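Below: one structure in structure tokens.
Every heavy atom of this structure was used, including side-chain atoms; hydrogens, water molecules and symmetry mates were not. Fair warning: this is a prediction, and the values are worked out from it, not measured in the lab. Just so it is clear: chains get the letters A, B, ... in the order the sequence lines come, proteins before strands, and each one is counted from 1.
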2 protein chains.
Amino acid sequence: MDIGSRTELLRSVGLFRGLEREDLAAVAEAAREQPFSRDETLFSQGDDATHGFVVGWGRIRLDKVTPEGQNVVLRHMGPGDMIGIVAVLRRIPFPATPVALEDGLALSWSAGRFAELMNRFPPIALNAIDVVGGRVEELQRRLQEVATQRVEQRIAATLLRLANQSGRKVEDGIEIPFALSRQDLAEMTATTLHTVSRTLSAWDSEGIVESRRSSHLVIRRPHRLAEIAEHA
Amino acid sequence: MDIGSRTELLRSVGLFRGLEREDLAAVAEAAREQPFSRDETLFSQGDDATHGFVVGWGRIRLDKVTPEGQNVVLRHMGPGDMIGIVAVLRRIPFPATPVALEDGLALSWSAGRFAELMNRFPPIALNAIDVVGGRVEELQRRLQEVATQRVEQRIAATLLRLANQSGRKVEDGIEIPFALSRQDLAEMTATTLHTVSRTLSAWDSEGIVESRRSSHLVIRRPHRLAEIAEHA
DNA sequence: CGTTTCTTTGAGGATATTCAATTTATGTGG
DNA sequence: CCACATAAATTGAATATCCTCAAAGAAACG
């Protein structure tokens, strides 16, 4: 991948918004390419934060495991999202593990390189605050959700969120274009795979979603799902 | 309050770490003082973020209410904590409401003033990332907690956290030095005041805590509480 | 085509909520 | 300072929600 293509990629990355083309090129040049394949991890929770990443292509799931081994999915990420950069700046170990849901490519910068770039291009720091602020809001919303809503509502809200972030319109609804197991959904909604399975089975019967193991999940009646998410 | 005192105050504020004394004085001079009394709100969720704040003295509880009126306590704040600054920088309405738990004083800066200061003193932006990054971590931890632990464990963990943040050693344990109703604790731990009441009653009988309505809560056996939080 | 992984479904049970009533504190106006 | 009104806390009983345990079925994989 040449510098021109990298620069093009970085143009749509929130973290580098407001940088001139030539500045972006400098940032692009300082990057290292890191391809990844499905089920691979970019790094592991607890590792030293030596590098920060930005996703080029491919989807990634961010996992956080408890000392007892229970997993919670913190968020899903795709092209343009930054990964691990806050840990780099705070000089703390990575607090979570990014797992690739499909093959892809990330760009990375060493901690030192990153510091240089931020120093040279002040907008980066402001953009970083914006991005991290967005994550705070997202987490606050999820916390509120887990604290005040029932499982069915949370599953509905989660599916709608995934659809909003990554959904593709298909003939009979909105498709969530990556593998999504019952276990995954359970870890996103703070419940068990059993409850997710029961819920999706019911929704399948009612024609609200279509969810078989082989194919991607399709939301057939988003409006109904929104109703469930809101009132129950 | 004169500029000297304000400057002194700002010396211990994470957001302004690394600034020279004269820079701090400039920041202090640009601030407006905003006293507040118990139960007052600095602003309300949904308000336009015209000003950012830093707590001088006094404790504040940050609330977020759902459209249905259910409240979730996002965090407690005290001297040196910043409030609403991310919303100011992101140009979005305040996402939560800070309620004073006791009389106190905040310093505030207008959005425009803040932008100036960040421009003039680059360390502020980096510090902000650090602070906001810390909040992300805190929220991730709480999300994990709600997702994987039972109510009793969460209440125990919450009390220990409050003790760590604000606790005072007293003769027979650690005191949490502000009013803390069952309802408050319920909103912090994603449960109901009834369950909190039952739990504290039980702990009181076992001599783990001392919790009467008039006086502040005292943790008498922190170690036991830690056991409950960890294993249950 | 056997093995592994994921999913479904049932039955039983634990945890925590809801509903309801009472007790205890706090605050207020006489 | 007391009597009343208000707010907070306690506790019991009934119930809902969701989890755990268990087993079987279906799909993917080599």
Side-chain angles (χ1 to χ4, degrees), chain A residues 38-39 61 66 68-73 99 101-102 145-156 158 176 178-206 209-218 228-229 231-232, chain B residues 38-39 61 66 68-73 101 145-159 176 178-206 209-218 228-229 231-232:
Chain A
R38 194 171 199 270
D39 290 333
R61 187 188 67 218
T66 66
E68 294 82 33
Q70 283 183 91
N71 193 43
V72 172
V73 176
V99 181
L101 297 174
E102 56 196 28
E145 217 171 82
V146 179
T148 64
Q149 305 196 303
R150 279 173 306 145
V151 169
E152 199 186 26
Q153 299 178 274
R154 301 202 299 265
I155 298 174
T158 299
I176 292 173
F178 48 84
L180 189 67
S181 71
R182 307 301 188 231
Q183 179 68 39
D184 290 340
L185 262 173
E187 288 171 358
M188 280 182 241
T189 51
T191 181
T192 62
L193 76 161
H194 306 278
T195 298
V196 171
S197 180
R198 283 180 232 274
T199 305
L200 289 186
S201 289
W203 288 350
D204 199 306
S205 310
E206 298 171 48
V209 303
E210 207 168 284
S211 168
R212 333 202 111 259
R213 186 168 174 188
S214 47
S215 60
H216 295 155
L217 188 144
V218 175
I228 294 172
H231 171 73
Chain B
R38 193 171 201 267
D39 290 333
R61 186 188 69 219
T66 66
E68 293 82 32
Q70 284 183 89
N71 193 44
V72 172
V73 175
L101 297 174
E145 216 171 86
V146 179
T148 63
Q149 304 198 304
R150 279 174 307 146
V151 170
E152 199 186 26
Q153 297 177 276
R154 302 203 297 266
I155 298 174
T158 300
L159 288 182
I176 292 174
F178 49 83
L180 189 66
S181 71
R182 307 303 189 230
Q183 180 68 39
D184 289 340
L185 262 173
E187 288 171 358
M188 280 182 241
T189 50
T191 181
T192 62
L193 75 163
H194 306 278
T195 299
V196 171
S197 180
R198 283 180 233 276
T199 305
L200 289 186
S201 290
W203 288 349
D204 198 307
S205 310
E206 297 171 49
V209 304
E210 205 169 286
S211 169
R212 330 205 112 260
R213 187 168 172 186
S214 47
S215 60
H216 295 156
L217 188 146
V218 174
I228 293 172
H231 171 76

Separation of A/Gln183 atom CD from C/dT7 atom P, in whole Å?
-> 9 Å
How close or far is atom P of D/dA28 from atom CZ of A/Arg38, stated in whole angstroms?
-> 12 Å
Passes side-chain hydrogen bond (donor to acceptor under 3.5 Å, both in side chains), A/Asp204 versus A/Ser201? Steps please.
-> CA-CA 5 Å; A/Asp204 199 306; A/Ser201 289; over 6 Å; no
How would you label the contact of A/Ser181 with the nucleic acid (heavy atoms, under 4.0 Å): base, sugar-phosphate, or nothing?
-> sugar-phosphate
How far apart are the closest heavy atoms of A/Asp184 and A/Ala179, and which atoms are they?
-> OD2-O, 4.2 Å
B/Leu185 CG to C/dA16 P, straight-line distance once rounded to whole Å | 15 Å
Rounded to the nearest Å, what distance is computed from the CZ atom of residue A/Arg150 to the C1' atom of nucleotide C/dT15?
-> 16 Å
Distance col, row B/Thr189:OG1 vs B/Ile155:CD1, nearest 0.5 angstrom, shows 5.0 Å
Minimum-distance nucleotide to B/His194 side chain [options: C/dA11, D/dC18, C/dT18] = C/dT18
Distance test, side-chain N/O of A/Ser201 to OP1/OP2 of C/dT7, below 4.0 Å = no
Nearest 0.5 Å, what's the CG-OG distance between A/Leu200 and A/Ser205?
-> 10.5 Å
Less than 3.5 Å between a donor and an acceptor, one on the side chain of A/Arg198 and one on the base of D/dT20, is that the case here?
-> yes
Side chain of B/Val151 (C-beta onward), nearest among C/dA16, C/dT8, D/dC18 | C/dA16
Would you say the side chains of B/Arg154 and B/Thr199 form a donor-acceptor pair under 3.5 Å?
-> no
When we call it a touch if two heavy atoms are under 4.0 Å apart, what does B/Thr195 touch: a base, just sugar-phosphate, or nothing?
-> base
Would you indicate which nucleotide in C/dA16, C/dT8, D/dC19 comes nearest to any side-chain atom of A/Ser197?
-> C/dT8
Ranking A/Arg212 and A/Arg154 by the position along DNA chain D of their nearest nucleotide, the one closer to 5' is A/Arg154
How long is the line joining CZ of A/Arg182 and C1' of D/dT20, in whole Å?
-> 20 Å
What is the distance from CD of A/Gln149 to P of C/dT17, rounded to the nearest Å?
-> 15 Å
When we call it a touch if two heavy atoms are under 4.0 Å apart, what does A/Arg213 touch: a base, just sugar-phosphate, or nothing?
-> base
Spacing between B/Glu152 atom CD and C/dT17 atom C1', to the nearest angstrom = 16 Å
Figure out the CG/C1' separation between B/Leu193 and D/dT11, and round it to whole Å.
-> 12 Å
Could you work out which one of D/dA9, C/dT18, D/dC19 sits closest to the side chain of B/Thr192?
-> C/dT18
